[in-house]
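Down below is the structure, laid out as structure tokens.
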Amino acid sequence: MKRLFMWSFSLCITLTTTMALAASDARLGNTLLTVMNHLSDDQDTLTFDLAALKQLPSHSITTHNPWEEGAHHFKGFKPSDLFEQQNIEGSVLRLTAFNQYITEIPLEDFTQLGAIIAYEMDGQPIPVRSKGPLMVIYNFDDNPALTNEAFYGRSIWQVYKLQVMRVEH
Ligand SMILES: Nc1nc2c(c(=O)[nH]1)N[C@H]1C(S)=C(S)[C@@H](COP(=O)(O)O)O[C@H]1N2
Ligand SMILES: [Mo]
């Protein structure tokens with residue numbers, strides 16, 4: 001009986017801790033994004049918390065998307081700025097989500113088509129249950145040509161890993 005009590009007690013602690021961590025994903029100091037540069041000689045791995053991502057120039061997009069009701073205001077950064085800050089040369093990003101969904105995005109989508117990796121929706125960090133903490137956002141409202149499967153497929157949410165895939169000179 002005593003053992004069962006101790007067991008349920010520690011299970012409770014574990015669950016509470018897990019839930020607390022999930023709720024505070026965007027807390028300062030917690031890594032939101034791991035950047036792996038397979039192209040660098042020493043296979044660099046860099047980690048970014050919310051504060052570090054917010055140090056990059058911020059960009060906003062207000063748009064509808066196929067997954068949310070109504071228009072939302074998204075704020076985030078462009079990987080092109082992150083690459084510039086870190087002296088990374090790359091032209092394709094492979095992004096991985098919590099569910100191990102993977103998509104590859106040309107860097108031009110961010111520099112030419114105005115896409116961002118959003119860390120805020122409607123002025124708040126994006127909870128995991130709302131597809132956060134990081135999601136790729138295209139301005140579908142401004143750019144109806146993007147409303148097709150190719151760009152829906154690149155609209156990855158719950159991103160945590162960015163791999164630098166290719167350099168083109
Ligand atoms: N994290 C994550 N993002 C994702 C996906 C996914 O499975 N996981 N599916 C992608 C694909 S293929 C499409 S078409 C759109 C829409 O997916 P849905 O129709 O399942 O909502 O989200 C994209 N982003
Ligand atoms: Mo898709």
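We count ligands from 1, going down the list as the structure has it; atoms in each ligand are counted the same way. Scope of the values below: all heavy atoms of this structure, side chains included, with no hydrogens, waters or symmetry mates.
For atom 12 (S) of ligand 1, the nearest non-hydrogen atom from the set Tyr101, Phe98, Tyr152 belongs to Tyr101.
Using a 4.0 Å cutoff on heavy atoms, Glu149 counts as a contact of ligand 1.
Considering only heavy atoms from C-beta on, Ile126 stays 4.5 Å or farther from Pro133 through its side chain. Contact annotation: the side chain of Leu95 approaches that of Ile105 to within less than 4.5 Å [non-hydrogen atoms, C-beta and beyond]. The shortest distance between side-chain heavy atoms of Phe140 and Phe151 falls below 4.5 Å. Taking the side chain as every heavy atom from C-beta outward, Phe48 and Gln86 approach each other to under 4.5 Å.
Lys78 places a side-chain N or O within 3.5 Å of a backbone atom of Ala115 that can act as its donor or acceptor partner. Panel note: side chain Asn143, backbone Ala145; no donor-acceptor pair is recorded below 3.5 Å.
Counting protein heavy atoms only, atom 24 (N) of ligand 1 is closest to Ser155 O, 3.0 Å. When hydrogens are left out, the protein atom nearest atom 1 (N) of ligand 1 is Trp157 O, 2.8 Å; that is the closest non-hydrogen contact.
At a distance under 4.0 Å, a protein heavy atom can be found next to atom 14 (S) of ligand 1.
Residue-level proximity to ligand 1 for Asn99 is carried by the side chain, the only part with a heavy atom below 4.0 angstrom.
Below 3.5 Å of separation, one finds an N or O of Trp67 facing an N or O of ligand 1.
Near Ala97, meaning under 4.0 Å from one of its heavy atoms, ligand 1 places the atoms 1 (N).
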